[in-house]
Protein chains: 4
Amino acid sequence: MKTPNPARRSEQSRRAILTAAFDLVAETGYAKLTIEAIAARAGVGKQTIYRWWPSKGAVFVEAVLSMGGGEGQDLSLPDTGDLGADLRQVLRAIVDEYNDPRLEAMSRALNLELLQDPSMNTEITERVMGPHLEATKERLRSAQRAGQVAADADLDVAVELLYGPVYHRWMLRTAPLTHAYADTLVEFALGALRPA
Amino acid sequence: MKTPNPARRSEQSRRAILTAAFDLVAETGYAKLTIEAIAARAGVGKQTIYRWWPSKGAVFVEAVLSMGGGEGQDLSLPDTGDLGADLRQVLRAIVDEYNDPRLEAMSRALNLELLQDPSMNTEITERVMGPHLEATKERLRSAQRAGQVAADADLDVAVELLYGPVYHRWMLRTAPLTHAYADTLVEFALGALRPA
Amino acid sequence: MKTPNPARRSEQSRRAILTAAFDLVAETGYAKLTIEAIAARAGVGKQTIYRWWPSKGAVFVEAVLSMGGGEGQDLSLPDTGDLGADLRQVLRAIVDEYNDPRLEAMSRALNLELLQDPSMNTEITERVMGPHLEATKERLRSAQRAGQVAADADLDVAVELLYGPVYHRWMLRTAPLTHAYADTLVEFALGALRPA
Amino acid sequence: MKTPNPARRSEQSRRAILTAAFDLVAETGYAKLTIEAIAARAGVGKQTIYRWWPSKGAVFVEAVLSMGGGEGQDLSLPDTGDLGADLRQVLRAIVDEYNDPRLEAMSRALNLELLQDPSMNTEITERVMGPHLEATKERLRSAQRAGQVAADADLDVAVELLYGPVYHRWMLRTAPLTHAYADTLVEFALGALRPA
DNA sequence: AGATAACCGAGACGGTACGTCATGTCTTAAT
DNA sequence: ATTAAGACATGACGTACCGTCTCGGTTATCT
């Protein structure tokens, strides 16, 4: 198994493959996504996929990254001074995303890959979810400076306090994800984080 | 396709299938679990599996339920009067479970199935995870009666406040799951839930 | 690799495969014969072919045997008492076969398989060509009894003296295969075999 | 597709390719000979092969011609005056060649190519086998002049009478190729060819 | 001497077929 | 009627080569 030379790589094929993968998931679902289908749809030989990606999961993750927004955008949270309002806005947006079937399917697929292939973990966590978590942490840091959040609060945990419950409810479908739920969560979080 | 008659079902085959499925996951991982492998290991015809279960996920879930503890046991939390201590004990136990490779693999498989097959959701959520959530809710209700938790707190959300973060951290592997982390979580939760 | 159980074998699939293989060679030539094409044409899974035959060559040979006349027929040469006339008739018939594009293609394929796969040799030699050689030897034996052939002549070699040259000329295409050529050959052979 | 300019052809690459092809057949057999393997072994780009040869068969034939003796040598048969002795010597040598695994493999490959690719026929027949046949014909012609062979005998057929049977027996493996067999063949041939 | 072609090595590309694996359906014999 | 056994059509897997197609890097002529 010799390693291919990236300099000679066909950018056209690369894009065709990512587009095909992304569209196929949107159209038929991740379960029916196959390397053969991607290759056929992209008008590409299977080997071209196997040459550059280790698994269909890797193709999909890269497709999501390069299609869905990409990495160049600004993910930072609003900072109006009203921490509660700002967090409510973000959590409501997340709830909305989970309620959008299209985005929900992508999220489902991403999490599935996370579970299936540990080697994929870093890729997904750091590049897809990480930035959002980091941005939220930044907003909390700002609030900390403003004295709205306890100075000694562990902000990594604080972020999980906000997102963990939504994630839990989404994964387990224990109850519907509503704006009211988002608001309740923010209220709880503020209670937990408030300075002594 | 006629529905089979459960009265004539071979209990011996049923047990052999569940045992085989459980052991195979433990030995080779859920990814390599196949109907054919289960049938071969159990010394059973493939049809016997297809006759009684809709998918390999269903076999696995039933295997986990019947092997791993089952449903007959008492899941209720300790109630020493010290809510913080009781919750810490539970969260630490959960953290320990996630750190046990054997149990972690099972949890992984269960969540994977959850993501893959929506029809499996009720089964898994209600029978595997539900009881734990319910027991925790019960303990919180007791604390509520004791005035340690705000009377108007939404206990469903309160439970998620405890488990959501651990779950989030486990799934995303953002940071190690430690007892200290469990304790921090309990502290935050108590802050969020304390009466006004 | 477990050996399959011939009792459960589908006779219908077997015939469909052999027919498909035979027809495909006739239509597109042996070079383009693939297992996939046979399976597709026969409406059969590839595995069903791999289960029962070791190679496409084996399928083809069995196809030729079961289609092209089969083994049940009488291959014995005419015995009019005039050895020369009888042999001329046979050699002319062989020359005609080699000149028939359809039969020539089959012969080509058979000989190709012979060269390619030594394990196929016995099968082809004994079941396809052997009977003809044996029948010819039988006719020569009769001539030997009639005193038309030297009593001590090695009949195996005698048979090769007749067929070897035609075969050589056909394979190497050194010159056209005509009835006159067949006659010349018989004349030479009679000269070589005549009693002292 | 423009025709390349032979003047600029790299002699070094040509030799490397032929050597690689020849050695690969000797080492792994003709069946496993691929253009890619030749190119890799020769340290040559695939295109260089495709530029100068129409098929791997053509490469191989040229390799055999340029490696195995070549065309410059004297193939003429001994002419001691004793036709039988001279022919026996030649046929025994041929039998020995067929019994040498190395040479046998080459012969196998050559005949396989003959069968597979009609366009290769002239090349192989005329350049590899033709000279031997012609030399033998020349020896017979000499014998004809000496009155040891019938004046009206068709010498093309006479040559086939000698080589056809050996070839037949080799291809079909109907019986072992021995010196005794070679001698018998010569005896038969002399009987067939003797003047009336 | 400098330009400019051709060939060269390397190897990526779209394809086709390979031989294997698992799916879910089916048939058979036995219990 | 259920079972163990396993053949079947289907479809995807990951690999091997095919023959074509760029790429830069040498030659080797031809201005």
Q | Touch class at under 4.0 angstrom, heavy-atom based, for Arg9(C) against every strand present | A |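 Since only primed, P, OP1 and OP2 atoms lie under 4.0 Å of Arg9(C), the category is sugar-phosphate.
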What integer distance in Å separates [X]:[atom1] from [N]:[atom2]?
X: Ile38(D); N: dG11(E); atom1: CD1; atom2: P; answer: 18 Å
X: Lys56(B); N: dA22(E); atom1: NZ; atom2: P; answer: 10 Å
X: Ile49(A); N: dA16(F); atom1: CD1; atom2: P; answer: 17 Å
X: Leu24(A); N: dA12(F); atom1: CG; atom2: P; answer: 12 Å
X: Ile17(B); N: dT2(F); atom1: CD1; atom2: P; answer: 14 Å
X: Trp53(B); N: dG24(E); atom1: CH2; atom2: P; answer: 15 Å

Q. Within less than 4.0 Å of OP1 or OP2 of dT2(F), is there a side-chain N or O belonging to Arg51(B)?
A.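 Result: no.
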**Q.** Trp52(D) side-chain N/O to dC8(E) phosphate OP1/OP2 under 4.0 Å
**A.**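 Checking Trp52(D) against dC8(E): at least one side-chain N or O falls below 4.0 Å of OP1 or OP2.
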Quick check for you: among [options], whose closest atom lies nearest to any side-chain atom of [X]?
X: Asn5(C); options: dA7(F), dG14(F), dC8(F); answer: dA7(F)
X: Arg8(A); options: dA4(F), dC18(E), dG24(F); answer: dG24(F)
X: Ser13(B); options: dT3(F), dG14(F), dT20(F); answer: dT3(F)
X: Glu36(D); options: dA12(E), dC7(E), dC17(F); answer: dC17(F)
X: Gln47(A); options: dC8(E), dA4(F), dT15(F); answer: dT15(F)
X: Ile35(A); options: dT3(F), dC21(F), dG14(F); answer: dG14(F)
X: Tyr50(A); options: dT15(F), dC21(E), dA12(E); answer: dT15(F)
X: Thr34(D); options: dC17(F), dG9(E), dC8(E); answer: dC17(F)

**Q.** Phe22(A) vs Thr19(A), side chain to side chain contact (heavy atoms under 4.5 Å, CB included): CA-CA, chis, key distance, verdict
**A.** CA-CA 5 Å; Phe22(A) 192 85; Thr19(A) 307; 5.8 Å; no
Q: Run the numbers on Val61(B) and Leu65(B) for side chain to side chain contact (heavy atoms under 4.5 Å, CB included), then give the verdict.
A: CA-CA 6 Å; Val61(B) 171; Leu65(B) 281 170; 4.1 Å; yes
Q: Any chance you could lay out the side chain to side chain contact (heavy atoms under 4.5 Å, CB included) test for Leu114(A) and Met120(A), step after step, and finish with the verdict?
A: CA-CA 6 Å; Leu114(A) 212 52; Met120(A) 208 92 274; 5.8 Å; no
**Q.** Residue met sooner reading DNA chain F from 5', once Glu11(C) and Lys32(A) are mapped to nucleotides
**A.**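 Here Glu11(C) is the residue nearer the 5' end.
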Q.
Let me spell it out: for each of Ala37(B) and Ala42(A), pick the nucleotide of DNA chain E with the closest heavy atom. Which residue's pick is nearer the 5' end?
A.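 Closer to the 5' end of DNA chain E: Ala42(A).
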Q: Assign each of Leu33(B) and Ser10(A) to its nearest nucleotide of DNA chain E by heavy atoms, then name whichever residue's nucleotide is nearer the 5' end.
A: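 Here Ser10(A) is the residue nearer the 5' end.
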Q. Just wondering, do Glu123(B) and Glu113(B) contact through their side chains at under 4.5 Å, heavy atoms?
A.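 Sidechains of Glu123(B) and Glu113(B): no contact.
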**Q.** Side-chain heavy atoms of Leu110(B) within contact of Phe60(B), under 4.5 Å
**A.**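 A side-chain contact under 4.5 Å exists here.
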Q) Is the number of heavy atoms from other residues, nucleotides or ligands within 6.0 Å of CD (Glu104(D)) greater than 12? A)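 Atom CD in Glu104(D) is crowded, with more than 12 foreign heavy atoms closer than 6.0 Å.
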Q) Considering only heavy atoms and no angle criterion, is a donor-acceptor pair shorter than 3.5 Å present between the side chain of Lys46(D) and the base of dG19(F)? A)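 Looking at the base of dG19(F), it does pair with a donor or acceptor on the side chain of Lys46(D) (distance under 3.5 Å).
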